[in-house]
Protein chains: 2
Amino acid sequence: MIDEKAAAEAARKQDENYINNALVDVYDNIMRFEEQQIRGSRFRDINARELHIVHAIGLHDHKTTTQVADEFRMSKGTLTAHLNNLERKGYVIRQRNPADRRVINLGLTSKGRLLYRTHDAFHRRLVKSFLHGMDDDDRQLIKQALMNLEQFLDEAQKK
Amino acid sequence: MIDEKAAAEAARKQDENYINNALVDVYDNIMRFEEQQIRGSRFRDINARELHIVHAIGLHDHKTTTQVADEFRMSKGTLTAHLNNLERKGYVIRQRNPADRRVINLGLTSKGRLLYRTHDAFHRRLVKSFLHGMDDDDRQLIKQALMNLEQFLDEAQKK
DNA sequence: CCCAATAGTTTGATGTTCAAACTAATTGGG
DNA sequence: CCCAATTAGTTTGAACATCAAACTATTGGG
């Protein structure tokens, strides 16, 4: 009886441990895989950072430099440097906003849009594998767990 | 009937979308929070990278420089630089291995061990919040999802 | 019409990273 | 037992990412 309880407790601890490590490893593994995929594609000249900037610029949003920099919590100067590279390589275009000529609206070239869609498809495959064999209820549970985590981080960060 | 089906499908897509974004954001949020926690603690002089190196060195493992560098997929030269900093700040000690004097075994000072435990406690709180309100079955499901993802990444990486 | 505020770029300094050269120690074949 | 090859870790030099602060161009309120 007591042994059973202790065994269950030990199993719980072990699961939590696994989840802990997996949570931490997930991102590194995704990043590494993204990088590797890109190396073997026609987008060889892009690194993970640049890929994510292309993704943040998006297909239709016409975001500004400041918006994207804030999203990445990156200084505007740093983003300017990345944008220079991405423009030179033909993924991104800067469009001066005619209504306010201080503002630059960012857009993707057709090459940039292709990269965006390729990356997006990769992520959809990723989530499909993550949710493999799960029904609606299961999916809700996963979603709940991630929402818990976001809430915890948000709240802890606030104070 | 058909509307219902279409609505369920749309809800599924939306959930998958949420999960996709959350998965990607999780790591950044965790990193940012770790960094912030540390800034407000007595370990102010440590950044996230260094924290993770301290964690990798661990309490009792006596790992070598090469082992840790491989773990982080980081060149040995880069790790050497970090170790110099961590040693100077009093978190890490290098111990020449007497059986093979080429080898350095890495260890933590008492300050390093304290940092390790603080960080470990933080991660346990994180996982607890992630699993808030869940029973054994739920936990198994989460674990399964993470295992799916790891397997997907492993396999995709192999070929 | 002026000037404070804003968007983005440039600049200079700092820190991270890597690959290659290097040093010291070990090992194995002759 | 020696020396050539290998291995562990460090040093070095170059490339790149990053930031904060100075700067330029533009806007909009008084």
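All chains are named by letter (A, B, ...) in the order of the sequence lines, taking the proteins before the strands, and each is independently numbered beginning at 1.
Spacing between atom NE2 of A:His62 and atom P of C:dA7 amounts to 19 Å, rounded to whole angstrom units. Rounded to an integer number of Å, the gap from B:Arg96 CZ to C:dT23 C1' is 10 Å. Rounded to a whole Å, the CG atom of A:Leu86 is 13 Å from the P atom of C:dT9. When the P atom of C:dG8 is taken as reference, atom CD1 of A:Ile93 falls 15 Å away, rounded to whole Å. One atom, CG of B:Asn97, and another, C1' of C:dT26, lie 12 Å apart when rounded to the nearest Å. Between the P atom of C:dG15 and the CG atom of B:Leu83 lies a distance of 18 Å, rounded to the nearest Å. Distance, A:Met31 CE to C:dT17 C1': 15 Å, rounded to whole Å. C:dA25 atom P lies 11 Å from atom CD1 of B:Ile104, rounded to whole Å.
Regarding contacts with the backbone of D:dT18, a side-chain N or O of A:Arg49 is found under 4.0 angstrom from either OP1 or OP2. Between B:Arg102 and C:dT27 there is no side-chain polar atom (N or O) within less than 4.0 angstrom of OP1 or OP2. Distances shown here put a side-chain N or O of A:Arg94 below 4.0 Å from the OP1 or OP2 atom of C:dT9. OP1 or OP2 of D:dA17 lies within a sub-4.0 Å distance of a side-chain N or O belonging to A:Asn47. Residue A:Thr66 places none of its side-chain N or O atoms closer than 4.0 Å to OP1 or OP2 of C:dT6. Of the side-chain N and O atoms in B:Thr80, none sit less than 4.0 angstrom from OP1 or OP2 of D:dT11.
When the nearest nucleotides of DNA chain C are assigned to A:Leu79 and B:Glu50 by heavy-atom distance, the more 5′-ward of the two goes with A:Leu79. Where A:Asn85 and A:Asp100 meet DNA chain D, the nucleotide closest to each residue was compared, and A:Asn85 sits on the side nearer the 5' end. Mapped onto DNA chain D by nearest heavy atom, A:His82 and A:Ala99 fall at different nucleotides, with A:His82 at the one closer to the 5' end.
Side-chain N or O atoms of A:Asp135 include one that pairs as donor or acceptor with a backbone N or O of A:Asp137 at under 3.5 Å.
Within 6.0 Å of CD on B:Gln95 lie more than 12 heavy atoms contributed by other residues, nucleotides or ligands. B:Gln14 CD: 12 or fewer foreign heavy atoms inside a 6.0 Å radius. Sparse packing is recorded around CZ of B:Arg42, with 12 or fewer heavy atoms of other residues, nucleotides or ligands lying under 6.0 Å away.
The aromatic rings of A:Phe33 and B:Phe152 lie perpendicular to each other, with more than 60° between the two planes, well past the 30° mark. Using bins of under 30°, 30° to 60° and over 60° for the plane-to-plane angle, the ring pair A:Phe122/A:His119 lands in the parallel bin.
Checked options A:Leu86, A:Asn85, A:Asn84; the residue passing with A:Val92 is A:Leu86 (criterion: side chain to side chain contact (heavy atoms under 4.5 Å, CB included)).
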Which protein N or O atoms sit under 3.5 Å from an N or O of nucleotides 19-21 of chain D?
unit_1: D:dC19; atom_1: OP2; unit_2: A:Ser75; atom_2: N; d: 2.9
unit_1: D:dC19; atom_1: OP2; unit_2: A:Ser75; atom_2: OG; d: 3.4
unit_1: D:dC19; atom_1: OP2; unit_2: A:Thr78; atom_2: OG1; d: 3.0

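No donor-acceptor contact under 3.5 Å links the side chain of A:Arg101 to the base of D:dT26.
For A:His132 and B:Gln144, the side-chain atoms include no donor-acceptor pair closer than 3.5 Å.
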